[in-house]
**Student:** 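Got a structure for you, questions after.
Sequence positions, counted from 1, serve as the residue numbers for this chain.
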Amino acid sequence: MSEDTESGRIEPVRYDEEEKYLLRNPREIRQVLQSLLDRRSLISAYPAPRNHTYPTALIALDEDSGQLLIDGSLQEAVNRIVEQAHHLTCVAQLDRIHIQFRLSQPTRTVVDGQIAFRTAVPEQLLRLQRREFYRLQVPLTQPLTCELPLPRGDGETGPVPLRVLDISGGGVALAVPADRPDFQPFREYDNCFLHLPDADPIPLRLMIKSLFRQVNQNGRETWRAGCQFTALPRGADVLIQRYIFRMERQRSARERGVA
């Protein structure tokens, strides 16, 4: 059974061109699901319409009945949220390829004495292979910030730095304090500035594409805002990709024990 933890969270995406990357062939969809099952891949599940997430994994794929079994949570409160959900948006990675699909009307069951959920195999599945949408989780030891023009305590609007949780060629995920009611999906912010190391601040425009509540280990509530770049200056995409590649090289070097 999956523990309810924030580590390893993968955020859903929504792109204007995602239609190109949707699989609708049942055989292809089952092949991807079987790979997730075989590797026991971590899946971030987002019950709708609640702003919540929990880590899970596929337990079984029954091709004859067209049914899936997914793991439940160790927390009963989370399981109640899941069984009341209209659907689950499930997100995972396979070989750094973004996988996303929707599971409708999950039904609680018990497998080997553990809570699980039964649902139909999805009719379509998003598989994003484009390199620019690879998401880098920003290390806490090397933080990034992005400034947004937001209301401040003095009643004026000015640049407020927010911590960047992850970054890709298409956008960023930001940690947003719980007392920011002005953050809403599809709201757009102009005059934002992304601060990369060893580079001038990058001016850009952001649109909020998703917003999810999360509770840190200390009990503090924050929100995770998934934002899409809607305008970048010339050359900014190169700087962002260069930063991502450099951080990936450093991570790989640490894993090999040579850094």
**Student:** Check each of Thr230, Leu232, Asp190 against Leu204 using the side-chain contact (heavy atoms from CB on, under 4.5 Å) test, and report the only one that passes.
**Tutor:** Leu232

**Student:** For Ile70, is there any backbone N or O sitting under 3.5 Å from a side-chain donor or acceptor partner on Arg118?
**Tutor:** no

**Student:** State, with a plain yes or no, whether a side-chain heavy atom of Phe101 is found less than 4.5 Å away from one of Val91.
**Tutor:** no

**Student:** Do other residues, nucleotides or ligands put more than 12 heavy atoms under 6.0 Å from the CD atom of Gln67?
**Tutor:** yes

**Student:** State, to 0.1 Å, how close Leu58 and Arg40 come at their nearest heavy-atom pair, and which atoms those are.
**Tutor:** O-NH1, 3.2 Å

**Student:** Between Arg242 and Asp237, is the closest basic N to carboxylate O distance under 4.0 Å?
**Tutor:** no

**Student:** With distance as the sole test, does Ser104 use its side chain to make a donor-acceptor pair with the main-chain N or O of His87 at under 3.5 Å?
**Tutor:** no

**Student:** Surrounding CG of Asp38 (heavy atoms of other residues, nucleotides or ligands, distance under 6.0 Å), is the total greater than 12?
**Tutor:** yes

**Student:** Heavy atoms, side chains only, cut-off 4.5 Å: are Gln142 and Gln250 in contact?
**Tutor:** yes

**Student:** Tell me the closest heavy-atom pair linking Leu150 and Leu162, and the distance in Å.
**Tutor:** CD1-CD1, 4.3 Å

**Student:** Quick check: closest heavy atoms across Leu148 and Leu206, and the distance to 0.1 Å?
**Tutor:** CD1-CD1, 4.1 Å

**Student:** What are the two closest non-hydrogen atoms of Phe193 and Pro201, and how far apart are they?
**Tutor:** CD2-CB, 4.0 Å

**Student:** Check whether any side-chain N or O of Thr222 sits under 3.5 Å from a backbone N or O of Val176 as a donor-acceptor pair, and report yes or no.
**Tutor:** no

**Student:** Would you say Leu165 and Val138 make side-chain contact, with heavy atoms under 4.5 Å?
**Tutor:** no

**Student:** Within a 6.0 Å radius of atom CD on Glu123, are there more than 12 heavy atoms belonging to other residues, nucleotides or ligands?
**Tutor:** no

**Student:** Looking at Arg224 and Asp166, is any side-chain nitrogen of the basic one under 4.0 Å from a carboxylate oxygen of the acidic one?
**Tutor:** yes

**Student:** Heavy atoms, side chains only, cut-off 4.5 Å: are Leu140 and Arg163 in contact?
**Tutor:** yes

**Student:** Is a salt bridge present between Glu76 and Arg108, judged by a nitrogen-to-oxygen distance below 4.0 Å?
**Tutor:** yes

**Student:** Crowded around Asn25 CG? As in, over 12 foreign heavy atoms under 6.0 Å?
**Tutor:** yes

**Student:** Side-chain contact test, heavy atoms from C-beta onward, threshold under 4.5 Å: evaluate it for Leu125 versus Leu22 and give yes or no.
**Tutor:** no

**Student:** Using atom types as modelled and distance alone, determine if a side-chain donor or acceptor of Ser35 lies under 3.5 Å from a backbone N or O of Gln31.
**Tutor:** yes

**Student:** Of the non-hydrogen atoms in Asn79 and Ser73, which two are nearest, and what is the gap between them?
**Tutor:** OD1-N, 2.8 Å

**Student:** Mind checking whether Leu88 and Thr119 have side chains closer than 4.5 Å, heavy atoms only?
**Tutor:** no

**Student:** Kindly indicate whether the side chain of Arg246, heavy atoms from C-beta on, has any atom under 4.5 Å from the side chain of Pro197.
**Tutor:** yes

**Student:** Side chains of Leu61 and Val121: closer than 4.5 Å at any heavy-atom pair?
**Tutor:** yes

**Student:** Please name the pair of heavy atoms, one in Leu33 and one in Pro122, separated by the smallest distance, quoted to 0.1 Å.
**Tutor:** CD1-CD, 3.9 Å

